[in-house]
Amino acid sequence: MTTSPHLGVMGADEIDRHASNLRGAGVRLLRGTFADAGGVLRAKQVPISRAGAFHSPGLGASPVWVIFCIDDGIAFTENFGAVGDMRLRADLEAAVDIGDGVAWAPLELFDQDGAPMSFCPRGILRGQQAAAETDGLSVLAAAEIELVLFGAAAASGDAAAAGSGGPAYGLRPLMEQAPFLDDVHRDFDDAGLAIEQLHAEYGTGQIELSIAPAAPLQAADANVLARILLGRAARRHGLAVSFSPKVFAEGIGNGAHVHLSFWRGAEPLFSGGDGPHGLTDDGGAIIGALVKHMPEVVGALAPSLLSDARLQPGHWSGAFACWGLENREAAVRLVAGTSGNPRGANIEVKCIDASANPYIANAVLLGVALKGLADHDPLPPEMTLDPGSLSDDERAANGIVRIGESQAESLDALEASAVAQDILGAGLMEALLAVRRHEVEIAKEATPAELVERFRFAWSV
Ligand code: GLU
Ligand code: MG
């Protein structure tokens, strides 16, 4: 299937077919979500009889939807303000019946005349995917979702994680949370979203699940849908889910790592070549570009006022721009295509967290990879050690850069990045920088512990 660079308008027959399929399955309402520049899901819903109108011409929304902040502040800019109107259009092809009489669909931004808005995150990822396909590439992306479970009282300040909290990778958390987790498996299965594996993570009350790979646009949709299903299942059990990068002031955070693999025709780019670990020249160029540009784009991947606190050496979060085979402290971990890995060779970008808009994150990864291929970037030397175990001088000598130490600095680097400008475009850059710089201002007024508590559920649904 090839990706259209813009969400097309379906004919009346096709709309009817989609709507009556959903209605036949008992769907009564269609809920559409828009992932904004702060990584927050905003939504509108219609009775299923209005699905066609939600698809085209779409529902009205003010341009401030693009500049809402995580505290519901509005980061007005020159081009985004109170005047003007947009259309939120539901992608009915991507609509999923999620049970309980509800279907979900991702939204894209258009103007009143039906022209796509250049700053729509999903539209931008769609464009990158279409460009990759035009270059003869196929790409798979897979999200790893980490979350911490809380009792419902957490929303009003009782911050203890649900259950006894551990042990890490233990059976006990899975047993304690079985009623919730059984629902999660059933709901994902019913929604056609395949969980590859699920386990109790290292952090207190932390769970991780991996979603099956899909093309980057569909993988970002899956990431959003997964959060919706997790949030709904948690509510049924009197639980709350936090995807926040830093859930407690101390300890490990939640990552949202993305695995990527690339093919040209039937040939994988991360195996079967003459480079280290079987990398092809193209595979090396992709890794080289990601490592080289990571300091400029980390402001879009680990972008929030809580991202710096997570992105620390020693937390397996990938706080250094470097790559290495199975190196969990490198921003880019190569997973080789061994017989123990039937999915084949891939890379895991570890520095991403769930405060990033998943469409923006995948667009940036794909855009940087395409640039690396176009520029024939060289593969940098492999980091075979924990980069945090080196001295500053040793890291400098190996060209290894610490990333994401300060939100303000990451945003300055993003603003100055020609690559980021190229991928995201002037409009989205303007909105993204304004929204995230609003967070920099919030952070000046609060202690780290206050920020952790205040925004623990900012990215939850
Ligand atoms: N929780 C870690 C993070 O913040 C990741 C642990 C892992 O490698 O799965 O990214
Ligand atoms: Mg993990």
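When a ligand or atom number is given, it counts from 1 through the structure's own listing order.
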Which option, H315, K350, R310, owns the non-hydrogen atom nearest atom 10 (O) of ligand 1? R310
Name the option, out of E146, H199, E208, that contains the heavy atom nearest to atom 6 (C) of ligand 1. E146
Do any N/O atoms on G253 end up under 3.5 angstrom from N/O atoms on ligand 1? yes
As an exercise, identify every atom of ligand 1 less than 4.0 angstrom from a heavy atom of G255. 3 (C), 4 (O), 10 (O)
For H257, take its heavy atoms, then give the atoms of ligand 1 lying under 4.0 Å from any of them. 3 (C), 5 (C), 7 (C), 8 (O), 9 (O), 10 (O)
Parallel, tilted or perpendicular: rings of H277 and W323 (30°, 60°): perpendicular
E208 atom (N/O/S) at minimal separation from the Mg ion (ligand 2): OE1
Do the side chains of [X] and [Y] get close enough for a salt bridge, i.e. N-O under 4.0 angstrom?
{"X": "E415", "Y": "R437", "result": "yes"}
{"X": "D386", "Y": "R328", "result": "no"}
{"X": "D183", "Y": "R235", "result": "no"}
{"X": "E439", "Y": "R436", "result": "yes"}

If I take the Mg ion (ligand 2) as the centre, what angle separates the OE2 atom of E201 from the OE2 atom of E146? Nearest 10 degrees is fine. 110°
Report yes or no: is the cationic atom of R227 (NZ for Lys, CZ for Arg) under 6.0 Å from the centre of the six-membered ring of F243, at an angle within 45° of the ring normal? yes
So, E144 and the Mg ion (ligand 2): N/O/S under 2.8 Å, yes or no? no
